[in-house]
Amino acid sequence: MGKIALVNGLVFDSTGKPVFKGNILINEGKIEKVGKANEMNIPDEYEIIDLKNKFVMPGMIDAHLHLTGSRSGKVEEDLITPIGVFFARAIKDLESIINAGFTTVVDAGSIIAVQLKEAINEKTITGPRIIAAGPVLSQTFGHGDTHYLPIEYVDYRTTRKLTPFMSLICDGTDECRKATRYAFREGADFIKVMASGGVLSQRDRPEYRQFTLEELKAIVDEANAVGKWVHSHAEGKIGIINSAKAGIKVIAHGDMMDEEAANEVLKAGSVVIPTFAIDYALLEKGSELGVPEWGMKKIKELYEIHVENAKLAYKMGIKLATGTDYSGGVGKHGDNAMELKLFVEKIGMKNEEALISSTKIASEATGLEKLIGTIEKGKLADLIVINGNPLDDINVLLNKENIQLVMKEGEIYKNKLT
């Protein structure tokens with residue numbers, strides 16, 4: 001890592017301050033100093049990289065995805081593909097994600113990610129920082145209960161590593177507490193819980209309440225006991241309200257979050273991740289990729305409601321973070337900046353707000369908000385340099401060729417600067 005000076009960059013620090021022409025000093029993986037270019041001297045021992053007025057911002061964060069190695073939406077893919085193939089594909093997906101400018105991802109359920117994060121940390125493989133949930137918590141007949149399989153094939157404790165996405169099936173507060181502890185035993189950084197039904201689960205529906213408020217509170221209590229947090233799948237109104245009342249920190253999807261539910265979320269201070277990108281990936285290519293008709297039918301019913309409720313949440317001041325819900329099958333990893341484009345086009349955010357949602361706000365969903373998400377002294381040097389200005393045109397982020405430099409903790413993973 002050593003000492004690096006990024007000079008003459010158009011600095012967007014994600015704190016809400018105006019963009020300025022500046023320099024960034026990096027020392028042993030951390031940001032040592034940030035300042036205006038004409039007011040900073042560069043010490044002799046620093047390696048200088050001249051950004052030539054290119055745009056520099058914090059590394060982007062996908063706060064809700066799944067590293068599964070999937071390549072379709074077919075239910076049979078999980079059953080006939082060797083688990084090692086899924087791991088190999090996920091490694092390639094990680095390379096695509098970091099090349100696209102995402103330096104941190106939150107995996108909201110995958111037994112692959114909870115293991116690959118260790119390979120990332122020891123630099124055996126290349127990719128973004130992974131914050132992983134591992135096996136998710138689901139009630140019997142829940143969104144994480146693969147309804148077309150025997151129950152003993154679904155539960156991670158009885159059939160380990162059968163498919164990339166597996167669950168801990170738990171019912172009642174005692175079982176929920178034990179499943180939470182088990183997830184942490186398996187290396188989970190946080191707990192992912194299914195608080196409502198969903199689109200891609202066969203026999204339930206998004207509006208169904210899953211887990212009682214008491215069960216959710218038990219899960220949150222166990223997570224808090226070890227300094228961790230809970231991230232819920234909540235599409236239906238009751239699931240959203242219960243998640244907020246239970247003290248869940250991160251609420252994903254929020255399709256049916258009307259004003260009443262949004263007020264509960266505001267009261268709780270939770271971060272909401274709308275995951276628009278998966279909606280549009282499903283609508284555009286779901287059938288072609290083999291997504292079952294029962295899944296396609298539900299997404300067609302929901303997507304317009306989802307957009308309108310997200311607009312309401314934005315107007316009410318709820319914290320919205322970027323997360324694609326991509327799996328690599330439906331939703332191609334590397335195209336993760338699509339969520340920022342949709343925040344602008346569908347919710348009506350300003351480009352600047354979308355960038356902050358993908359950095360500062362999304363960092364709250366990682367548990368690392370004190371270390372990443374902004375360009376400030378003492379933060380980890382997670383930075384990207386862009387050819388083009390996303391404040392003028394958010395679409396520049398969708399072309400990976402425009403992401404010319406990617407740095408994670410002061411180490412350069414991609415450098416196309418000339």
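Residues: numbered from 1 along the sequence shown. What you see below is based on every heavy atom in this structure, not just the backbone, and it leaves out hydrogens, waters and symmetry mates.
- For the pair M256 and I240, the tightest heavy-atom approach, listed with the atom from each and the gap, is C-CD1, 3.9 Å.
- Between H306 and F276, the gap from one ring centroid to the other is short of 6.0 Å.
- In this structure, the side chain of S110 engages the main chain of A113 through a donor-acceptor pair within 3.5 Å.
- Here the closest heavy-atom approach between residue K350 and residue E353 is recorded as N-OE1, 2.8 Å.
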- Could you check F141 against H147 for ring pair (Phe, Tyr, Trp, His ring centres under 6.0 Å), going step by step and ending with a plain yes or no? CA-CA 7 Å; F141 186 54; H147 306 140; 5.2 Å; yes
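- Here the straight-line distance linking atom SG of C176 with atom NZ of K217 works out to 14.0 Å at 0.5 Å rounding.
- Judged by distance alone, with hydrogens and angles left aside, the side-chain atoms of K298 form a donor-acceptor pair with the main-chain N or O of G198 at under 3.5 Å.
- Pairs passing the ring-ring contact (aromatic ring centres under 6.0 Å, His included) check and including a residue from residues 246-269, sequence neighbours excluded, read H64-H253, H233-H253.
- Between K408 and E411 no salt bridge is recorded (no basic side-chain N to carboxylate O distance below 4.0 Å).
- Between G388 and P390, the closest heavy-atom pair is O-CD, 3.5 Å.
- The shortest side-chain heavy-atom distance between F190 and K249 does not fall under the 4.5 Å cut-off.
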- Query: Do D189 and K117 pass the salt bridge (charged side-chain N to carboxylate O under 4.0 Å, His left out) test, and can you show the C-alpha distance, the side-chain angles, and the key distance before you say yes or no?
  - Reply: CA-CA 10 Å; D189 296 308; K117 72 173 181 176; 2.9 Å; yes
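- Between the S363 side chain and the K360 main chain, a donor and an acceptor come within less than 3.5 Å of each other.
- Between D335 and K400, the closest side-chain pair of non-hydrogen atoms falls below 4.5 Å.
- Proximity of V330 to L289: side-chain heavy atoms (C-beta onward) are separated by under 4.5 Å at one or more points.
- Within the 4.5 Å cutoff, the side chain of M60 has no heavy atoms near those of the T103 side chain.
- Side chains of E235 and S196: no donor on one and acceptor on the other come within 3.5 Å.
- Using modelled atom types, no side-chain atom of K228 and backbone atom of A223 make a donor-acceptor pair closer than 3.5 Å.
- Counting only N and O atoms by type, the side chains of D145 and Q139 include no donor and acceptor under 3.5 Å apart.
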Identify each donor-acceptor pair in which a side-chain atom of residues 90-102 lies under 3.5 Å from a protein atom, sequence neighbours left out, and give them as a table.
unit_1	atom_1	unit_2	atom_2	d
K92	NZ	E95	OE1	3.0
D93	OD1	R71	NH2	3.0
D93	OD2	R71	NH1	3.1
S96	OG	K92	O	3.4
N99	ND2	E95	O	3.1

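- Between the CD atom in E284 and the CG atom in D279 there is a gap of 12.5 Å [rounded to 0.5 Å].
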- Intermediate values then yes/no, side chain to side chain contact (heavy atoms under 4.5 Å, CB included), I356 and F12: CA-CA 10 Å; I356 292 173; F12 178 86; 3.9 Å; yes
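- Side-chain contact between L320 and P274 is present, with heavy atoms from C-beta onward closer than 4.5 Å.
- V105 and P128 make their closest contact through CG1-CG, 3.9 Å (heavy atoms, listed as atom of the first residue, atom of the second, distance).
- Here the side chain of D382 pairs a donor or acceptor atom with the backbone of E409 at under 3.5 angstrom.
- Residues meeting the side-chain hydrogen bond (donor to acceptor under 3.5 Å, both in side chains) test with R177, sequence neighbours left out: D221, E222.
- Using cut-offs of 30° and 60° for the angle between ring planes, the Y148 and W294 rings count as tilted.
- Under a 3.5 Å cut-off, the side chain of S72 and the backbone N or O of G290 do not form any donor-acceptor pair.
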- Going through the checks in order, is the side chain to side chain donor-acceptor pair (under 3.5 Å) test met by S201 and D204? CA-CA 6 Å; S201 42; D204 64 3; 2.4 Å; yes
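- In this structure, E345 pairs ionically with K341, as a charged nitrogen and a carboxylate oxygen lie closer than 4.0 Å.
- Counted by atom type alone, T322 and S358 present zero donor-acceptor pairs between their side chains at under 3.5 Å.
- Residues S243 and S232 have side chains that bring a donor and an acceptor to within less than 3.5 angstrom of each other.
- Every residue two or more places apart in sequence or in another chain that forms a side-chain hydrogen bond (donor to acceptor under 3.5 Å, both in side chains) with T68 is listed here: S70.
- Counting only heavy atoms from C-beta outward, the side chains of F55 and L355 approach each other to under 4.5 Å.
- Scanning all heavy atoms of the two residues, the minimum distance from F165 to G109 falls at CD1-O, 3.3 Å.
- In the model, H66 has no side-chain atom that pairs as donor or acceptor with a side-chain atom of D107 under 3.5 Å.
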- Message: One pair to check against salt bridge (charged side-chain N to carboxylate O under 4.0 Å, His left out): E308 and K315. What are the steps and the verdict?
- Response: CA-CA 11 Å; E308 290 307 310; K315 290 175 183 176; over 6 Å; no
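- N27 pairs by the side-chain hydrogen bond (donor to acceptor under 3.5 Å, both in side chains) definition with E32, not counting sequence neighbours.
- The closest side-chain heavy-atom distance from I120 to R129 is not below 4.5 Å.
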Please table the atom pairs, donor to acceptor, closer than 3.5 Å between any side-chain atom in residues 259-271 and protein atoms at least two apart or in another chain.
unit_1	atom_1	unit_2	atom_2	d
E260	OE1	K237	NZ	2.7
N263	ND2	E259	O	3.2
S270	OG	I248	O	2.8

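- Side chain of S167 to main chain of I169: no donor-acceptor pair is present (N/O by atom type, distance under 3.5 Å, no hydrogens or angles).
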- Task: Apply side chain to side chain donor-acceptor pair (under 3.5 Å) to E214 and T173, showing your working.
- Result: CA-CA 7 Å; E214 290 71 25; T173 57; over 6 Å; no
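- Side-chain atoms of K379 and T374 form a donor-acceptor pair, as typed in the model, at a separation below 3.5 Å.
- Ionic pairing of E207 and R205 is present here: one or more N-O contacts between side-chain nitrogen and carboxylate oxygen are shorter than 4.0 angstrom.
- Looking at heavy atoms from C-beta onward, I386 lies out of side-chain contact with Q404 at the 4.5 angstrom threshold.
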